[in-house]
Structures are given as structure tokens and as C-alpha cells.
Amino acid sequence: MKNLMHVKHGGIYWILSFILGLSACKDSISEEGNIPYDPSLPVAITGFTPDSGAVKTQMVIEGENFGTDTSLVKVFIGGKKAVLISAKSNFIYCMVPAKSYEGTVSVTVGDQTATASEKFHYNREMMVSTLYGKVRDDGKYDVVDGAFDESFINYYGVQEPTWFSFNPNDSTELYMSQDNGKPIRIFDLDEKVVRTGLTTGEAGIGRMRTLSWTADGDTLIVASDDGGGGDNDKDRKSAIYVTKNGNGEFRNAGVLAAGRQCNGVAIHPVNHEMYYNNFSKGVLYRFDYHKWGVGPENCMAHREYITTIQDNEWEFNIVIHPSGDYAYLVVINRHYIMRMNYDKEKKTFGVPYLIAGSVGQSAWVDGVGANARLSFPYQGVFVKNPEYVKANKSDVYDFYFTDSGNHCIRILNSDGVVTTYAGRGSANLNNEARGYVDGTLRGEARFNNPRGLAYDEQNNVFYVGDMDNHIIRKIAMEDEDSAHESDEVSAEEEISAENTVSNK
């Protein structure tokens, strides 16, 4: 069920203005508010406020002969049915429905319809919706290749959406790794179908973790969480490379680098050397396979030690800035993020330092540096900030990441400031941080242990692997062709809206 109370930016101002407005017309409401609808008299709209807003904006429509019987009254904004909260003879209180793009405001009472002379200006917002998957009430789902739409009808889902990566040569293909022996799945965002990609059997490994690509985009590199803490590095696979077969599918796998229990692999975007880690030792290595060649023997002879993350047996991954100037080490189960700056002359990263969170301190706190609190941060992506571009800043990117234990998406800027971008909404539903709710970023949306995260810069769209909901979520500007969502106003929405207002 969706949370139905939406207050726009500046919501406190709107609520106060609304209360003052009601006070100003108190006398007329008390005198005329209980007059029933008279079919012999015309219904008229004299105005509405506010004149602009987004979905779930609260609107007051003023007019004549609306009556008090809400079963006779229907409100449409931009051709979409609004959530009707209450009706009096001379005013109606309602909420703006989604996708009210056209903006015409009309009220139907009985057999009469009145239309406002001015149009409502609908403002699109970034919204969370569901791209793929639906789970039964008992938590069960099926894993089936096919069309996105079929997943909503037949209860199809995803198993462990661990890591996302776009095909560099085809931005409509989104690759998703799944932990614990599950195969890679490929989402075709153009055809709106999903298919199974590389399996662990074909790759010759047990657990596939992060995904990255060679510079030409023709080869996929998969982090292999292979072996145990007592195994020799030379006998285990830390990264495999996968090339295309004759049908254009990724099938032919080879060993790129040796090492046990690798959680993360990343390729430097400028110089193309590879960085990978070892979970059991907490170590980060550099390996220039272009210079030394691929394979376990070459890797063991020529890999370079970079750093150790505090302690061993801490899961972490590495995400490199698009410029290559620095990278973040996301330390998952110790709840912090470190930064490493790149030495362009030596072509390697320096000593990492803490940029966000506190070692071993799990909580949800927006703040700066060590004052911020995270809980199992997972995948992050760099996203260009238009405001930084306008200001001509040297670094125009923010770092968006899934904060899985806090059930939300966070933002880390280059100054170490952490804020919450999406999730933990629906305060009027209950006090839970986790859940499954589509809607506005902070007012409504909820996730349940999100992990994978991808960003389509061209279309300004995020994709989220919602682990414990077993679905794929989408964060995008509200539009007519947005992901799975309903335009209809449900009875539950009407009731919840009434309850929300009555509690104010």
C-alpha cells in the first residue's frame, strides 16, 4: 500500500497557508458548507489553490453547489481522477493525482460538470517505481526469463541482485550479478525483457560478485569469491574474463587473475590496469595485465600490493571516479567508505583515508565525514551534478550508493557530506524504515535491503536491486512511459488520505 500524504518542498509553508485560508473563510463555510447539492442550480468553479505542484499536492477548489455528498462528486486534474478528501457546498479538498500533465481542473457532481478557467501546472518529480518483479503474499516467486510485464502478472522475481553494470557498447543492456551461485541476468531495457546470462558453471566459479569491463567494452570481468581463507592464492580465481561467442553472447570464460575470496574488481578508466581485493586478508592489489598478460602465473608474479583495510575478513569493493583521479573503497560490513587518490606519475593509488562513516558504527545519520553513520553500504555510482557544472567545480560528481542496512539510497559528495536521497518514507503508513512502497523519493518510497545500483546518465534514471523484495526498482522523472505503476485511485488511497488529514 502506498503512503498517501505528500507535502511538496516547502510543505510546512503550504500547511500553514492552508490552515490560514480555512480560517479566513470560516464564516462562509459554517453558513454555506452544509448545503446539499441542488440539481436545479449550476455547479461552478471559481478558483483553486495552489496553481502548481506535483503528485499528492493538496488542493482546495472553490466554487458553488458542490454539495456534501462525496459519492456524487468526482474531481479530475489533467484527465486523471484525484483523491477526494472532503466536499462542502463551496469548496472541495483533494490531492493531485499522478501524471496530471495536461492540467485541466474539472468537478463533476451528479450529471453536471464544471471546468476551471485556468489550468493547474503539474511539476514532474523523480519517483520510485517497480521495473521488474512481484512477490506473492507468502514471499514466493519464480525465476523466469521473459517480458517485464509478465513478472507483475505471474509473480516472477530476482534472487540476489548484488551488482549492476551497463554494457558499455549497448546502454540498453543492464547486467546484474547475483551472489551465492546464482547466474548473471541481463535486462534489455529497450525490448523490456530479461534473460539469463553467464552461469557459475559456465564461468567455473562459485560466487560472482562485482562486474566491470575492459576499455573496449567487449570483455566482461567478474570478481570471483573463490576458495577459503586457508587456500593458496595461486590455486584460486579472483577474477575471470568473459568474451562473446559467435552469437554475441558472453560465454567463453578464462582466468584473468589469481587470488582467493575476491569481493571486488575495478578497471582504471584512463590507464586500464586492474585493482582487486582479497576478503580474508583485507588486501587490495594492482595488476597490469596489459603489460604482463593474463592468467594465474602472470598475476602472482606481477601483482602489486596497494593497501590493507584495517583488518582482515571485511568485505569491500572499489569504485573509481570517471576521471580516474581517485577511488572509493566501500567497506560493507564495517559501515564506512574510504578514499584513495591516484598518482598519475606512478599510475597507482595512494594510501586510503576515511571519507564517510565510522569504523564498526552502524546507524542512519546524515552528516559530514566521521560524523555520518552508514549501515552496510554496498554498490555506488558516480553521478554528474548539474549545479557543480554551472559553478565550474573541479569535481562535478556526487557518489550515490545503496545503504542496504538502512534501506535507502544515500549521496556522498566530494567534501564528505552524506545525505539521504531516497527511501525510508511512508511515515503515515507505519514507523518501519524497510518495506516495499513506490512513490516520492523521501515522502513515500521504501526499499528492503537494496544492494545493486546503476545510473543511466543519458536518461537520468537509476536502477536499484531491491534484495529482500526480490525485485528491480527504478528511480526516474515521472513520465507517461514510467515503470509499472497504476493511474487509478484505490479505495485504500481515499481512506488513507482521509485519515491523514483528520490526524493533522
- Is Val464 close to Ile475 at the side-chain level, that is, under 4.5 Å between some pair of heavy atoms? yes

- Query: Does a salt bridge link Arg473 with Asp438, judged by any charged N lying under 4.0 Å from a carboxylate O?
  - Reply: yes

- Hey, are the side chains of Leu131 and Leu189 touching, using non-hydrogen atoms and a 4.5 Å cut-off? yes

- Is Arg195 salt-bridged to Glu173, going by a charged N under 4.0 Å from an acidic O? yes

- N-O pairing of Glu478 and Lys99 below 4.0 Å: no

- Message: Less than 3.5 Å apart, any donor N or O on the side chain of Gln112 or Tyr37 sitting next to an acceptor on the other?
- Response: yes

- Does Tyr400 have its ring centroid less than 6.0 Å away from the ring centroid of Tyr455? no

- Item | Heavy-atom side-chain proximity of His407 to Asn448 below 4.5 angstrom | yes

- Item | Residue that, paired with Tyr175, satisfies ring-ring contact (aromatic ring centres under 6.0 Å, His included) out of Trp163, Tyr463, Phe164, Trp213 | Trp213

- Item | Arg185 side chain to Lys182 backbone, donor-acceptor under 3.5 Å | no

- Heavy-atom check, side chain of Lys56 versus side chain of Glu444, under 4.5 Å: yes

- Query: In terms of heavy-atom contacts, does CD of Glu64 have more than 12 from other residues, nucleotides or ligands at under 6.0 Å?
  - Reply: no

- Are Arg209 and Asp179 ion-paired here, with the side-chain N under 4.0 Å from a carboxylate O? yes

- Would you check if the side chain of Glu62 reaches a backbone N or O of Phe91 as a donor-acceptor pair within less than 3.5 Å? no

- Message: I'd like to check the ring-ring contact (aromatic ring centres under 6.0 Å, His included) partners of Phe382; sequence neighbours left out, ordered by chain and number.
- Response: His321, Tyr326, Tyr328, Phe399

- Taking atom types as modelled, find out whether Thr130 and Tyr436 have a side-chain donor-acceptor pair closer than 3.5 angstrom. yes

- Message: Measuring from atom CD1 of Ile45 to atom OG of Ser117, what distance do you get when rounded to the nearest 0.5 angstrom?
- Response: 9.0 Å

- Message: Please check this pair: side chain of Asn459 against backbone of Val461, looking for a donor-acceptor N/O pair closer than 3.5 Å.
- Response: no

- Task: Give the minimum heavy-atom separation between Pro97 and Val55, together with the two atoms involved.
- Result: C-CG2, 3.9 Å

- Could you label the plane-to-plane angle of the Phe148 and Phe187 rings as parallel, tilted or perpendicular, counting under 30° as parallel and over 60° as perpendicular? tilted

- Task: Measure the spacing between CD1 of Ile318 and OG of Ser212 and express it to the nearest 0.5 Å.
- Result: 10.5 Å

- Message: Looking at Asp142 and Arg136, is there a salt bridge between them, counting it only when a charged N and a carboxylate O are closer than 4.0 Å?
- Response: yes

- Shortest non-hydrogen contact from Ala363 to Asn406? O-ND2, 3.0 Å

- Query: Would you say the ring centroid of Tyr155 lies under 6.0 angstrom from that of Tyr141?
  - Reply: no

- Task: Evaluate whether atom CD of Glu102 has more than 12 neighbouring non-hydrogen atoms of other residues, nucleotides or ligands under 6.0 angstrom away.
- Result: yes

- Message: I need the minimum non-hydrogen distance between Ala356 and Leu374, along with the two atoms involved.
- Response: O-CD1, 4.1 Å

- Between the side chains of Thr113 and Thr108, is a donor N or O closer than 3.5 angstrom to an acceptor N or O? yes

- Item | Side-chain ion pair, Asp366 and Arg410, N-O less than 4.0 Å | yes

- How far does CD1 of Ile221 sit from OG1 of Thr210, to the nearest 0.5 angstrom? 9.5 Å

- Query: Closest approach of Glu315 and Asn333, non-hydrogen atoms and distance?
  - Reply: N-OD1, 3.1 Å

- Task: Using a 4.5 Å cut-off on heavy atoms from C-beta on, say whether the side chain of Ile92 contacts that of Val107.
- Result: yes

- Message: Rounded at 0.5 Å granularity, tell me how far CG in Leu329 sits from CD1 in Ile337.
- Response: 10.0 Å

- Message: Nearest 0.5 Å, please: how far is OG in Ser362 from NE2 in His335?
- Response: 4.0 Å

- Note on the structure: The side-chain contact (heavy atoms from CB on, under 4.5 Å) partner of Phe316 among Val330, Ile332, Val331 is Val331

- Message: Between Glu160 and Asn180, do the side chains contain a donor N or O and an acceptor N or O under 3.5 Å apart?
- Response: yes

- Task: Report yes if some heavy atom in the side chain of Thr440 is under 4.5 Å from a heavy atom in the side chain of Glu125; otherwise report no.
- Result: yes

- Task: Compute whether any side-chain donor of one residue and acceptor of the other, for Asn385 and Asp398, lie under 3.5 angstrom apart.
- Result: yes

- Query: Taking all non-hydrogen atoms of both residues, which atom of Glu150 and which atom of Gly146 are closest, and how far apart?
  - Reply: OE1-CA, 4.2 Å

- Item | Asn469 side chain vs Ile471 backbone, donor-acceptor pair below 3.5 Å | no

- Message: Quick check: do Tyr156 and Tyr132 have side-chain heavy atoms less than 4.5 Å from each other?
- Response: yes

- Query: Is there any salt bridge (charged side-chain N to carboxylate O under 4.0 Å, His left out) pair reaching into residues 320-330, and which pairs are they, with sequence neighbours excluded?
  - Reply: Asp325-Lys344

- Item | Under-4.0 Å salt bridge between Asp466 and Arg451 | no

- Item | Note, Cys408 side chain near Trp364 side chain (heavy atom, < 4.5 Å) | yes

- Query: Closest approach of Asn413 and Tyr388, non-hydrogen atoms and distance?
  - Reply: CB-OH, 3.7 Å

- Flag yes if more than 12 heavy atoms outside Asp111 fall under 6.0 Å of its CG atom; otherwise flag no. no

- Audit row: Tyr122, Ser100, side chain to side chain contact (heavy atoms under 4.5 Å, CB included) steps and yes/no: CA-CA 6 Å; Tyr122 187 83; Ser100 304; 3.6 Å; yes

